[in-house]
Amino acid sequence: MAVSSRSADVDKRPSSGRIVARVIWTSIKILTIPLVCIIAIIVGLAIGYSVLGKQPLSDVFDIRTWKHMYDLVFAEGS
C-alpha cells in the first residue's frame, strides 16, 4: 500500500532535465527585461545625439562628450 503511493509520487516529480530547462527559461525571462532596457538606452542615445543633435554617431560613445555634458549641467554659476 505504501509502496504504491511512493511510486506514484516518483512519477509526479519532474525529471532533472525539465527542472534545468525551467531554470534556464526563467533566467532568460528575468534577464530579458534589463537587456532590452540597456539596448533601448543605447539606441535612444544614438538616435538622440546623431539624428536630433546632428552630431557624429561615434561621439555618443566618447567619454569626453558625457563629461562635457556633465560639466554643463552641474557647473556652478558665477
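The figures that follow rest on heavy atoms only: side chains count, while hydrogens, waters and symmetry mates do not. Remember, predicted model here, so these are calculated numbers, not experimental data.
- Once rounded to the nearest 0.5 Å, the distance linking CG of L57 with CG of D62 reads 12.0 Å.
- No continuous path of ILVMFWY side-chain contacts below 4.5 Å connects Y70 to I63, so the two sit in separate hydrophobic clusters.
- Residues F61 and I42 form a side-chain contact, since some pair of their non-hydrogen atoms from C-beta on lies under 4.5 Å apart.
- Among T32, T26, L31, the single residue meeting the side-chain contact (heavy atoms from CB on, under 4.5 Å) criterion with I28 is T32.
- No continuous path of hydrophobic side-chain contacts links V43 to L52 [ILVMFWY only; heavy atoms under 4.5 Å].
- With H68 as the fixed residue, the side-chain contact (heavy atoms from CB on, under 4.5 Å) test singles out one of L72, T65, D71: L72.
- A distance of 7.5 Å separates CZ in R22 from CD1 in I19, rounded to the nearest 0.5 Å.
- Panel note: side chain W25, backbone V20; no donor-acceptor pair is recorded below 3.5 Å.
- Residues L35 and L45 do not share a hydrophobic cluster, defined by chaining ILVMFWY side chains whose heavy atoms lie under 4.5 Å apart.
- Residue-environment remark: CD1 (I33) stays at or below the threshold of 12 foreign heavy atoms within 6.0 Å.
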